[in-house]
Amino acid sequence: MTGQARSDRQVGHSPSPASEEGFGTPGRPLEGVRVADLSRVLAGPYATMLLADMGADVVKIEHPGRGDDTRAWGPPWAGGEASYFLAVNRNKRSLAVDLKDPEGLAAVQEVCAGADVVMQNFRPGVVDRLGLGYAEVSARNPAVVYCSISGFGPEHAPAERPGFDLIVQAESGFMAATGEPGGPPTKAGVAITDVLTGLNAAVAVLGALVRSRATGRGEHVSASLVNSALSGLANVTQQALVTGTEPARVGNTHGSIVPYQAFATADADIVVAAGNDALYGRLCSVLGRSDLAADPRFATNPDRVAHRAELVAEISGELRTRPAAEWLEALLAAGVPVGRVRGVLDAVGNAQLAGDDVLLHAEHPAAGPLDLVRAGFRLDSAAGESTAAPPPLLGEHSARVLAETGLPADRVARLIDRGAVLQARREDAGAGGAPPTG
């Protein structure tokens, strides 16, 4: 497909053929947008899942033998499918093709040339050798928005340094800023630099896509885990720059606000965030401690920070006298920000009970009925919808995607016969809890 032909199709915003199968959801903001997803693991797949949630037709391009690395990242498993993979790959189609096969590679080049967005996280130089780099793709499709994700960014030396989340949390200062005072540096409980990078990549792609749709001029976007981590540290990074010193670890407290931390009650932990003087006064009223509100040591937030230990001891003593549920009720009634420290399942269940429908339902051919967590945004165009297309089986949509490139059926059949392309069938999907083998 030539760049001119592609540009003509963009002007019309034509729907994807995949919309007939429930992909590229009509009525969503990204209806008609096609994404060639060459990324794997978390940052890239998270970004493309967000685009898919907004209606884009995302084709996930995987190796026919092993697929995305996260397909093997278990336990836990659901019907032989790794929960890690299931978390970030809904609403996508899977094309499983061997890029070492010349004809298979040519087919993927066609998929990328016909896409509005290309997402990749190969090691530097690999996509260029494959003819899948920005220069090659944009030469055929000048309107393409091409996003490269890496651990340390395109200018970082050495260029081929691998960048898993754990490494970047260490290298970015994220671990140093996390943990209890006097304790060791601690990583976040989720691969937070991957998630932040996925969000940054999606935002940048959307911005570039707006201009591409209007002018036909594409963009090469880059997003890295280390840049996302440094940016995501926000006020902590700025604090370090302003003071010239390393921020101290503050655990479940806040370095600049008091009281803003976790407290024990008679039966469970809660967090209280009295972020200004008015909220502090309300907290004191609920505690029945007007003396704390009148004490000049605690009159303003800087005063409270300076006398943190004394104030926290007083508040802690009061909160331990009653159970969490009573404090939550009283503090919420007074308008004081407060919350219970919950486990993940408890948090999901509580959100559901509170009326925030955080779950989507999918019927997976191997895992069976599957609950998936919605993205952090909501679209009016998706209001009332509670289902999603399940994360794809490896190679589930290969033949259909290749046919859309114009590849004749007999050539597709030959690719499948010699193992250069995998075409999975839903009816062949197994059930049970064991991981895939082979």
Side-chain angles (χ1 to χ4, degrees), residues 169 172-190 192 229 232-344 346-347 350-351 354:
Q169 284 203 43
S172 66
F174 207 105
M175 285 179 66
T178 307
E180 291 298 323
T186 305
K187 77 177 185 69
V190 69
I192 189 65
L233 281 166
N235 61 294
V236 176
T237 309
Q238 193 63 50
Q239 173 186 332
L241 293 173
V242 167
T243 64
T245 60
E246 291 292 342
R249 289 187 285 279
V250 296
N252 291 323
T253 69
H254 195 291
S256 303
I257 307 173
V258 176
Y260 194 101
Q261 67 180 77
F263 291 95
T265 70
D267 62 351
D269 289 346
I270 64 173
V271 290
V272 176
N276 57 45
D277 295 341
L279 291 174
Y280 172 67
R282 295 178 191 176
L283 170 64
C284 293
S285 178
V286 172
L287 294 176
R289 293 293 303 271
S290 58
D291 59 310
L292 296 179
D295 194 318
R297 294 176 300 169
F298 313 135
T300 68
N301 183 69
D303 295 326
R304 294 191 289 275
V305 172
H307 299 279
R308 178 191 300 267
E310 303 100 294
L311 179 57
V312 168
E314 294 288 348
I315 294 173
S316 296
E318 296 297 336
L319 290 175
R320 287 181 182 274
T321 63
R322 295 165 61 186
E326 292 185 17
W327 287 122
L328 287 167
E329 182 179 3
L331 289 168
L332 286 173
V336 178
V338 63
R340 180 189 290 269
V341 178
R342 300 180 185 276
V344 175
D346 186 20
N350 183 67

Distance from [X] atom [atom1] to [Y] atom [atom2], nearest 0.5 Å?
X: Gln239; Y: Thr245; atom1: CD; atom2: OG1; result: 7.0 Å
X: Leu292; Y: Ile315; atom1: CG; atom2: CD1; result: 6.5 Å
X: Leu287; Y: Glu318; atom1: CG; atom2: CD; result: 6.0 Å

Check your understanding: Tell me the ring pair (Phe, Tyr, Trp, His ring centres under 6.0 Å) pairs involving residues 271-300, sequence neighbours left out?
Key -> none

Practice item. Name all pairs fulfilling the ring pair (Phe, Tyr, Trp, His ring centres under 6.0 Å) condition that reach into residues 239-262, sequence neighbours left out, sorted by first residue then second. Key: His254-Tyr260

Practice item. Go through the structure and list residues passing ring-ring contact (aromatic ring centres under 6.0 Å, His included) with His307, not counting sequence neighbours. Key: none

Point to revise | Phe263: ring-ring contact (aromatic ring centres under 6.0 Å, His included) partners, not counting sequence neighbours | key: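 With neighbours one apart ignored, the set is empty.
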
Are [X] and [Y] packed together at the side-chain level, in the sense that at least one heavy-atom pair is separated by less than 4.5 angstrom?
X: Gln169; Y: Ile192; value: yes
X: Leu311; Y: Val258; value: yes
X: Asn276; Y: Asn301; value: no
X: Thr265; Y: Thr321; value: no

Practice item. Quick one: list whatever passes salt bridge (Lys or Arg N to Asp or Glu O under 4.0 Å) with Asp269, sequence neighbours left out. Key: none

Point to revise | With sequence neighbours excluded, residues passing side-chain contact (heavy atoms from CB on, under 4.5 Å) with Ala293 | key: Cys284

**Study point:** side-chain hydrogen bond (donor to acceptor under 3.5 Å, both in side chains) involving Asp291 - partner list, sequence neighbours excluded
**Key:** Arg289

Check your understanding: Heavy-atom count around Arg342 CZ within 6.0 Å, excluding the residue itself: above 12?
Key ->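 Atom CZ in Arg342 is crowded, with more than 12 foreign heavy atoms closer than 6.0 Å.
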
Check your understanding: Got more than 12 heavy atoms from elsewhere within 6.0 Å of CD, Glu326?
Key ->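 Check passes, neighbour count above 12.
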
Point to revise | Qualifying salt bridge (charged side-chain N to carboxylate O under 4.0 Å, His left out) pairs with a residue from residues 293-305, counting only residues at least two apart or across chains | key: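 Pairs touching residues 293-305 that pass the test: Asp277-Arg304, Asp295-Arg297.
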
Exercise for review: Would you list the pairs meeting salt bridge (charged side-chain N to carboxylate O under 4.0 Å, His left out) in which at least one residue belongs to residues 248-267, sequence neighbours left out?
Suggested key: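 Pairs touching residues 248-267 that pass the test: none.
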
Review point. Do you know which two heavy atoms are closest between Leu283 and Pro259, and how far apart they sit?
Key: CD2-CG, 3.6 Å

Quiz: residues 327-338 side-chain donor-acceptor pairs under 3.5 angstrom, not counting sequence neighbours:
{"from": "Trp327", "atom 1": "NE1", "to": "Leu319", "atom 2": "O", "distance (Å)": "2.9"}
{"from": "Trp327", "atom 1": "NE1", "to": "Arg322", "atom 2": "O", "distance (Å)": "3.2"}

Distance-only donor-acceptor pairs under 3.5 Å for side chains of residues 173-187, two or more places apart:
{"from": "Thr178", "atom 1": "OG1", "to": "Phe174", "atom 2": "O", "distance (Å)": "2.8"}
{"from": "Thr186", "atom 1": "OG1", "to": "Pro184", "atom 2": "O", "distance (Å)": "3.1"}

Check your understanding: Run the side chain to side chain contact (heavy atoms under 4.5 Å, CB included) check on Val341 and Ile270 step by step: do they pass?
Key -> CA-CA 5 Å; Val341 178; Ile270 64 173; 5.8 Å; no

